[in-house]
There are 2 protein chains.
Amino acid sequence: MPAAARAYHHGNLRAELLDAAERSIEKSGADQLSLRELAREAGVSHAAPRTHFPDRQALLQALVERGFTHLGATLRTARDQAAPDLEARLHAVIAAFVTFAATRPALVNLMFATKTTADEPHQKAAADTTAVVYDLINEGVQTGALAAGDPERYGLLLYAWAQGLATLTATGNLPPETANTLVAEAVSTFLRGNTPLP
Amino acid sequence: MPAAARAYHHGNLRAELLDAAERSIEKSGADQLSLRELAREAGVSHAAPRTHFPDRQALLQALVERGFTHLGATLRTARDQAAPDLEARLHAVIAAFVTFAATRPALVNLMFATKTTADEPHQKAAADTTAVVYDLINEGVQTGALAAGDPERYGLLLYAWAQGLATLTATGNLPPETANTLVAEAVSTFLRGNTPLP
DNA sequence: CTAGAAACTTGGCAATGACAAGATTGGCTA
DNA sequence: TAGCCAATCTTGTCATTGCCAAGTTTCTAG
């Protein structure tokens, strides 16, 4: 019995709760989120959410997981639609990251505020997201566009940069209109700083 | 009547509440923070905190403000104790940033999860923190160590990088022992990527 | 068609944040 | 020094919330 796709008393309550929760945190912050309020919005009883989420934390975690899945997909799309050279693709991916953060600041905060322990369910989704950057870096090292070195280290470095730019955007310290320019400079600085010696 | 230094019924309740709050969020996360619990720990009535903080959010904001003040001071100390050349000082500052984040992950998350609107009280403390990086960048541009360009843009770029590395450390995605190496690489990459043409 | 599981409801409890009104204390002034 | 005033803290209260237990409805597998 596929729980997610079932149409029962309410329909697919789980997904609707997550949608409402995402709207709520963007409007009032994550710590204002009320399960009972979500239930009211969905027109179900105050204990109905408990069927799908054992507690409040579980709902937030599901939100984070969905966020990473969404972000990963967004980054992959951006990569595939960019021009084929490394710089263009890196730029497209990081710019998409920043745009994502500008659109869903509260969700992004939540995603990166959650401690990462190995047994958490969002681990895989998060790894699939970082992999987008890592893979491009790997490719760059292999084609010789980047100086030989530990690709994982490069990946972490660039991912950290992207994450920082995204967070600054999400918190309003970086106006979205200048963000794009900064992303371009970050990528070109990164590449220029790691160009193999001729 | 200097409110902060007074010893009254309790002593300086305000500071003690903030200390307890910081301990609490590092132990159980910010959304588990309970004003009544803090009051109990301090041995005062459940409504006593209200004298110093109108509501829960105000306490969190005070925590953020204190955090930025502390971080700024930490960065300035690191800068002053480093070797006088630009790279060493940048490295020292960002490494101190990352160490700060590793020591107080929950506080750092809170600091960078809070939306920055102009009228918020922690604005100045936050600005004083970013200024440490900005000033070094400015100095680098003026002495010719960095290519001519918009210093503010450089500053934002490097600050974003530092913030990203700090957040990754705080969330456990970057083991503190490798963090130092990565910081060194980030700084040298940044400088290498922005060296003026000879 | 029936049994059992999944989804939801009703009722209840302890804890919390916020508020109002009163008590205590310390300093400032007249 | 007497007394007022403001800051600090207390007691009492309320609505809301998260979580839990027990029961009810609906779906589905066999």
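The model shown is predicted, which means the values in this text are computed figures rather than measured ones. Residue numbers begin at 1 in each chain, while the letters A, B, ... track the order of the sequences.
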What does the list of N/O pairs under 3.5 Å between the protein and nucleotides 13-15 of chain C look like, with a distance for each?
none

Below 4.0 Å: OP1/OP2 of dC9(D) and any side-chain N or O of His52(B): yes

Using only atom types and a distance under 3.5 Å, with no angle test, would you say the side chain of Ser24(A) pairs donor to acceptor with the backbone of Ala20(A)? no

Nearest-nucleotide pick for His46(A), side chain only, options being dT13(D), dC9(D), dT10(C): dT10(C)

Using atom CD of Glu16(A) as one end and atom P of dC8(C) as the other, report the distance to the nearest whole Å. 11 Å

Between the side chain of Trp161(A) and the main-chain N/O of Leu157(B), is any donor-acceptor distance below 3.5 Å? yes

Residues 189-198 of chain B, side-chain donor-acceptor partners within the protein, below 3.5 Å, at least two apart:
unit_1, atom_1, unit_2, atom_2, d
Thr189(B), OG1, Glu185(B), O, 2.7
Arg192(B), NH1, Gly193(A), O, 2.2
Arg192(B), NH2, Ser188(B), OG, 2.7
Asn194(B), ND2, Phe190(B), O, 2.9
Thr195(B), OG1, Leu191(B), O, 2.7
Thr195(B), OG1, Arg192(B), O, 3.4

Round to a whole Å and report the spacing from CD of Gln32(A) to P of dG17(C). 12 Å

End-to-end bend of the helix from dC1(C)-dG30(D) to dA30(C)-dT1(D) (five-pair axes, 10° rounding)? 10°

Without swapping roles, check the side chain of Thr171(A) against the backbone of Leu168(A) for a donor-acceptor pair under 3.5 Å. yes

Going by heavy atoms in the side chains, are Leu59(A) and Leu38(A) under 4.5 Å from each other? yes

May I ask you to say what Leu33(A) touches in the nucleic acid, namely base, sugar-phosphate or nothing, with a heavy-atom cut-off under 4.0 Å? sugar-phosphate

Does Tyr154(A) reach the main-chain N or O of Ala147(A) with its side chain, forming a donor-acceptor pair under 3.5 Å? yes

Check this one for me: any side-chain N or O of Thr51(A) less than 4.0 Å away from OP1 or OP2 of dA7(C)? no

Leu13(A), nearest nucleotide to its side chain (from dG12(D), dT10(D), dC8(C)): dC8(C)

Rounded distance in Å - CG (Leu17(A)) to P (dC8(C)): 9 Å

Interatomic distance, Asp31(A) CG vs dG17(C) C1' [rounded to whole Å]: 12 Å

With rounding to the nearest 0.5 angstrom, report the CD to CG distance, Gln163(A) to Leu158(A). 12.0 Å

Could you check how far CZ of Arg50(A) sits from P of dG11(C), rounded to whole Å? 18 Å

For Asn12(A) and Arg14(A), indicate whether the former's side chain and the latter's backbone hold a donor-acceptor pair under 3.5 Å. no

Just how far, in rounded Å, is P of dC20(D) from CG of Leu35(A)? 12 Å

Mind listing the side-chain donor-acceptor pairs of residues 62-73 of chain B below 3.5 Å, one per line with the distance, residues two or more places apart or on another chain?
unit_1, atom_1, unit_2, atom_2, d
Arg66(B), NH1, Asp19(B), OD1, 3.0
Arg66(B), NH2, Asp19(B), OD1, 3.2
Arg66(B), NH2, Glu22(B), OE1, 2.7
Thr69(B), OG1, Glu65(B), O, 3.0

Could you check which residues of residues 19-28 of chain A get a heavy atom under 4.0 Å from DNA chain C? Sort them by number, please. none

Within residues 56-66 of chain B, those residues having any heavy atom closer than 4.0 Å to DNA chain D are none

Between dG18(D) atom C1' and Phe53(A) atom CZ, what is the distance in whole Å? 15 Å

Look at Asp128(A) together with Lys124(A) and state whether they make a salt bridge at an N to O cut-off of under 4.0 Å. yes

Backbone N/O of Leu107(B) and side chain of Glu26(B): donor-acceptor pair under 3.5 Å: yes

Taking all non-hydrogen atoms of both residues into account, name the closest pair between Tyr134(B) and Gly155(B) and its distance. CE1-C, 3.5 Å

Within 45° cone and under 6.0 Å: Arg104(B) NZ/CZ vs Phe100(B) ring: yes

Heavy-atom pair of closest approach, residues Thr169(A) and Ala102(A): CG2-CB, 3.6 Å

